[in-house]
Amino acid sequence: MYRVSKLALRSPSLLKTQLFSTATKSSATQLFHPTEEHVALRQMLRSFVESEVDPQALVHNRTETFNVELFRKLGSLGLLGITVEPEYGGSGMDATAACIAHEELSAADPAFCLSYLAHSMLFVNNLARNGSHEQKLKYLPKACTGELICGMGMSEPSVGTDVLGMSTTAKLTPDGKHYLINGAKMWITNGTIDGKSTGDAFLVYAKTDPTQRGGGLTSFLVDKGMPGFTLGQKIEDKCGMRASMTAELVFSDVKVPIENVVGEVGKASLCMMRNLEIERVTLAAMALGIARRSIEVMTRYSQERKAFGKPIAEYGQIQKAIAESYAEYMAGRSYVYNFAASLELSTYGNGLDADGVKLFCAPMAKRVADRAIQCLGGYGYVGEYQVERLWRDAKLLEIGGGTNEAHHKNMVRDLRKSGKIE
């Protein structure tokens, strides 16, 4: 019913939901939905999220389990390969479409959306942009349906922002046919699905040449079941994003064929930086979903809850919280979609605003969710009213995909290089 295809996107009978009130015939509409396909995509997602994603979110948060069945439904919608060419099973859409998907999914279940991001952006989009034709044919069709659930391995137990300081190594075997990977990766989304074994496939970064600056990073495709590739641990008791599985992955003489090298040996830093841009703008879009849902919850509650004989929405303190939240949300939304419209997924060098959208939107989402909790009082502090979960989930966006402090460093570096703002 929901499949994102050229036919479905143009079929009014398949699209029955109304858009958010900001989606009207205006310049804002053109920014947030530049084509009819983008409008239809948001409509389809709004309907799907309301009927399928929202009802399951609280249960999976409480049990800290990943909804595999629902995830695979995203494949039938064409969402798992949203930026992948149809030749490889994808929908062939752009960065704006990716942002729409992440904003809508995150408005109901940020943790589920985070697993979607790790799969569709960090693995699928990454491989679609950097892999060979043969690698794409092997992995992408199954990843686009959800038959494979995948992720990316970059961070390590002792390495986060200082990515070039990673210690995972890959050494070419004497026969020149394989690399032996040794090391560990930490905080890996989709690192496990069931808590007992690894996810299905990963793009893993490792050092291949210690003589090069940064060790000559190379990207490898590593499959579940390869000898020496094991689940170190499932990360339990996280502050937020509890319905998204996070794990440590361990590599002990993992024998990877040279056919699994993605891109050029020693040149993966460029691939990494290119993919960080779409990662950061979609993380910012997730923040938009959290903020929007928080605004909707506190607006509705403030109209229903009465104090001293009238709805609390009539009091200035509540009005301030709601009005400032909406203004901040719309500022972030405009920044995200303006940047997404200019982002070519195959290019590199858009780091300033990739950092900027996430630096602005992540704290904004946490701040708006915090206001929502305050508006709801005791009700905001319990899971049934959603905003406490949104608040906990929002914190991860200030850490994952680049800390706020890393964004500060990167943006000042880029501004110093350019010398002026266009």
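The model shown is predicted, which means the values in this text are computed figures rather than measured ones.
Closest of all the heavy-atom pairs between V387 and A369 is O-CB, 4.3 Å. Across all their heavy atoms, S219 and A268 have their closest contact at N-CB, 3.5 Å. Considering all non-hydrogen atoms of both residues, I82 and A101 come closest at CD1-CB, 4.1 Å. Minimum heavy-atom separation, A111 to D393: N-OD2, 4.1 Å. Nearest heavy atoms, M166 versus Y205: SD-O, 3.5 Å. Contact detail for V222 and I181: the closest heavy-atom pair is CG2-CD1, 4.0 Å.
Side chains of D353 and Y335: a donor on one and an acceptor on the other come within 3.5 Å.
With a 6.0 Å radius and a threshold of 12 heavy atoms from other residues, nucleotides or ligands, E324 has its CD atom above the threshold. Applying the 6.0 Å contact sphere to NZ of K224 captures more than 12 heavy atoms from other residues, nucleotides or ligands. Open room surrounds CD on Q374; 12 or fewer heavy atoms of other groups in view lie less than 6.0 Å from it. Atom NZ of K142 has 12 or fewer neighbouring heavy atoms from other residues, nucleotides or ligands inside a 6.0 Å radius.
Within the 4.5 Å cutoff, side-chain heavy atoms of P363 are placed close to those of N404. L127 has its side chain out of reach of V124: every pair of non-hydrogen atoms, C-beta onward, lies at least 4.5 Å apart. Proximity of F339 to V357: side-chain heavy atoms (C-beta onward) are separated by under 4.5 Å at one or more points. V84 places none of its side-chain heavy atoms less than 4.5 Å from the side chain of N125.
Listed for the E259 side chain is no donor-acceptor partner under 3.5 Å among the backbone atoms of E134. For the pair K238 (side chain) and S244 (backbone), a donor-acceptor distance under 3.5 Å is present. S76 places a side-chain N or O within donor-acceptor distance of the main-chain N or O of K73, the cut-off being under 3.5 Å. Between the side chain of S91 and the main chain of M93, no donor-acceptor pair closer than 3.5 Å is present. Side chain of T192 to main chain of S197: a donor-acceptor pair is present (N/O by atom type, distance under 3.5 Å, no hydrogens or angles). Under the 3.5 Å distance criterion, the side-chain polar atoms of S294 are left unmatched by any main-chain donor or acceptor of A372.
Salt bridge present: E103 and R42 bring a charged side-chain N and a carboxylate O closer than 4.0 Å. Of the charged side-chain nitrogens involved, at least one lies within less than 4.0 Å of a carboxylate oxygen, so that E388 and R392 count as a salt-bridged pair. Between K234 and E248 no salt bridge is recorded (no basic side-chain N to carboxylate O distance below 4.0 Å). Salt bridge annotation for E104-R292: present, with a cationic side-chain nitrogen under 4.0 angstrom from a carboxylate oxygen.
Of the options V368, D109, D54, L288, a side chain to side chain contact (heavy atoms under 4.5 Å, CB included) to R293 is made by D54 and by none of the others. The only option from T208, L203, V254 that meets the side chain to side chain contact (heavy atoms under 4.5 Å, CB included) definition with F220 turns out to be T208. For the salt bridge (charged side-chain N to carboxylate O under 4.0 Å, His left out) with E398, the lone residue among K366, R367, K358 that qualifies is K366.
Two rings, from Y337 and H38, have their centers 6.0 Å or more apart. Taking the six-membered ring wherever Trp is involved, the centroid distance between the rings of Y116 and H102 falls below 6.0 Å. Aromatic rings from F123 and F202 are positioned such that their centres are separated by 6.0 Å or more.
A side-chain hydrogen bond (donor to acceptor under 3.5 Å, both in side chains) check over residues 277-287, counting only residues at least two apart or in different chains, returns the pairs E277-N350, R280-D355.
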